[in-house]
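Take a look at the structure set out below.
Being a predicted model, the structure only gives us computed values, none of them experimental.
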Protein chains: 2
Amino acid sequence: MQTLDVRASLENLERVEARAPTQEAVDKFARKRIELAKAALETLATLGYANTSLREIAQHSQYSHGVLHYYFSDKLDLITCCVSYYKSICVTRYDDVVVEASSADALLDAFCDRLVETLEREAPLHRLWYDLRAQSLFEDAFHEDISIIDRKLEDMVWRVCNTYCGLAGGHPTLSRASLYAVFDGLFQRALSGYIHGDTGASGQLVKEVRDLLPKLVSAA
Amino acid sequence: MQTLDVRASLENLERVEARAPTQEAVDKFARKRIELAKAALETLATLGYANTSLREIAQHSQYSHGVLHYYFSDKLDLITCCVSYYKSICVTRYDDVVVEASSADALLDAFCDRLVETLEREAPLHRLWYDLRAQSLFEDAFHEDISIIDRKLEDMVWRVCNTYCGLAGGHPTLSRASLYAVFDGLFQRALSGYIHGDTGASGQLVKEVRDLLPKLVSAA
DNA sequence: GAAAAATTTGGACAGTTGTCAAGAATTTGC
DNA sequence: GCAAATTCTTGACAACTGTCCAAATTTTTC
């Protein structure tokens, strides 16, 4: 069992004299955790939290079910790791859209393109997000990680809106919370439509956003 | 087993000659279904969809677990019945607020009061709604019922906003979908805060709504 | 290349799940 | 008040759950 050793070295890293090999072992262990979390995320996104068991997760990875308890102390530990990994994927989705924007219209175009792209290509992952966010209303253990991501998503929306308004020569009329709420809500509706076979869902989302965003900038 | 008989009479109601007693039996059967769905809703709201079993539901009712399969064909049938019952509770929450409003300010006051009241008094029920809406992204069987409620909630928000704007001498600047999205999103955030012990969640929600709604009415 | 450590496997466990059925208890119809 | 239909209880079932562990396998270390 390396688990405890690695954990210990994670906490007492400074006091360990043979740094190099231990550090490497820690990294290796952490890398495997991420690899497994990645596989777990795929299964979770396919089946949903309520219908996903550890055995199912293991079956969709290249390992047996026992290995999960070698790298994770329990199911909660695994899910938490999944959420952390998810964070690293999702919160920077629109960053390049923002920095590369040269005009308000160009930003709006790029933003809509990216919205549709992530909606259609990562639909299962998005629905898992909404699933886990709902779970956090019942399981306190999820709350902290989920709410951190929620704030980061709010920041992301804020950057887009604020940059757009700046390029349009004004500033946002709505609060950060309201801006996040409205875009998240529209996206969630489009996701539901897309998942259930409404082929016009993406187009409708773009139409809504194109109609909405210009209204949210104050007169200069 | 009355189940099949009642089902049949539900479908072939017109062709049954002895109307009175059969109809009564049907009603009785339906009433018991609702009674059980009510109890189930409470358990679901407490534990969440993922953590609620039929035995748990039965334990919090006054019946044994076998009775659930007498009144419901399977778990899905029960949940669906719960969702239908939930609909009858939720979609008229703000109706009297709308019809009794005499001025825009009065409507805004009453709306905020009602928001806080339902947030704090029915928090578990609200989190169940978000939970089940997320489930509908994985289980096709849920989708239809959930999306019907979603539309009714959108209508509800629209009535409030439209009435407010009318009293203020204008009309809403945002689409129905955007209006629902933003209020639902703000409410969801407040719900999360309230559930996790943030005592300022209600106040923050009211502050957001009071700031938001006036901005959503066009110049006459 | 042998000893030691790390990693993986597969089975076992106790508990839970949805579902079903036989019989007891209750209500209904006459 | 009795027979029939109903409602309800109880126990059983097979499958599945998270967790743990001993042994097999692989990798690392010297």
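Remark: Lys87(B) does not engage Asp145(B) in a salt bridge, criterion side-chain N to carboxylate O under 4.0 Å.
Residue Leu76(B) contributes atom CG, which lies 16 Å from atom C1' of dT17(C) at whole-angstrom precision. Remark: P of dT17(C) and CG of Asp74(B) are 17 Å apart, rounded to the nearest angstrom. The distance between atom CZ of Arg31(B) and atom P of dT7(D), rounded to the nearest whole Å, is 11 Å. What separates CZ of Phe29(A) from P of dT27(D) is a distance of 18 Å, to the nearest Å. Note: CG (Leu54(B)) to C1' (dT16(C)) measures 12 Å, nearest angstrom. Straight-line distance from the CD atom of Gln59(A) to the C1' atom of dT9(C): 14 Å, rounded to whole Å. In this structure, the CG atom of Asn51(B) is 14 Å from the P atom of dT17(D), given to the nearest Å. Rounded to whole angstrom, the span from the CD1 atom of Ile57(A) across to the P atom of dG18(D) amounts to 8 Å.
For the 3.5 Å distance criterion, the side chains of Asp155(B) and Tyr180(B) fail to qualify, holding no donor opposite an acceptor. Under 3.5 Å, the side chains of Lys32(A) and Tyr70(A) contain no donor-acceptor pair of N or O atoms. For the residue pair Ser175(A)/Ser178(A), the side-chain donor-acceptor check at 3.5 Å is satisfied.
For dT19(C), one of the phosphate oxygens OP1 or OP2 lies less than 4.0 angstrom from a side-chain nitrogen or oxygen of His69(B). In this structure, Tyr70(A) reaches the dT7(C) phosphate: one of its side-chain N or O atoms is under 4.0 Å from OP1 or OP2. Of the side-chain N and O atoms in Lys75(B), none sit less than 4.0 angstrom from OP1 or OP2 of dT17(C).
Ranking dC8(D), dT8(C), dG18(C) by closeness to the Tyr71(A) side chain, first place goes to dT8(C). Here the nucleotide nearest the side chain of Tyr63(B), chosen from dC8(D), dT19(C), dT8(C), is dC8(D).
Of the residues in residues 133-144 of chain A, not one places a heavy atom less than 4.0 Å from an atom of DNA chain C.
Note on Ser64(A): a base of the nucleic acid sits closer than 4.0 angstrom, heavy atoms only.
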Pull out every protein N or O sitting under 3.5 Å from an N or O of nucleotides 26-28 of chain C, one pair per line with the distance.
none

Give each protein N/O atom lying under 3.5 Å from an N/O atom of nucleotides 11-14 of chain D, with the pair distance.
unit_1	atom_1	unit_2	atom_2	d
dG11(D)	O6	His65(B)	NE2	2.8
dA12(D)	N6	Arg55(B)	NH2	2.7

Ignoring hydrogens and angles, write down the donor-acceptor pairs under 3.5 Å from the side chains of residues 50-59 of chain B, residues two or more places apart or on other chains.
unit_1	atom_1	unit_2	atom_2	d
Asn51(B)	ND2	Leu47(B)	O	3.2
Thr52(B)	OG1	Gly48(B)	O	2.6
Ser53(B)	OG	Glu56(B)	N	3.2

For residues 183-195 of chain B, which side-chain donor-acceptor pairs fall under 3.5 Å, sequence neighbours excluded?
unit_1	atom_1	unit_2	atom_2	d
Asp184(B)	OD1	Tyr130(B)	OH	2.9
Asp184(B)	OD2	Arg133(B)	NH1	3.4
Asp184(B)	OD2	Arg133(B)	NH2	3.1
Arg189(B)	NH1	Glu154(A)	OE1	2.6
Arg189(B)	NH2	Glu154(A)	OE1	2.6
Tyr194(B)	OH	Glu120(B)	O	3.3

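Across all their heavy atoms, Ala40(A) and Cys82(A) have their closest contact at CB-SG, 3.5 Å. Taking both residues in full, the closest heavy atoms of Arg33(A) and Phe72(A) are given as O-CZ, 3.5 Å, listed atom of the first, atom of the second, then distance. Minimum interatomic distance between Ile89(B) and Thr92(B) (heavy atoms only, all atoms of both residues): O-OG1, 4.1 Å.
Within a 6.0 Å radius of NZ in Lys75(A), more than 12 heavy atoms belonging to other residues, nucleotides or ligands are found.
Listed by chain and residue number, Trp129(B) satisfy the ring pair (Phe, Tyr, Trp, His ring centres under 6.0 Å) test with Tyr86(B) (two or more places apart in sequence, or in another chain).
Classification of the Phe29(A)-Tyr71(A) ring pair by plane angle, with boundaries at 30° and 60°, yields tilted.
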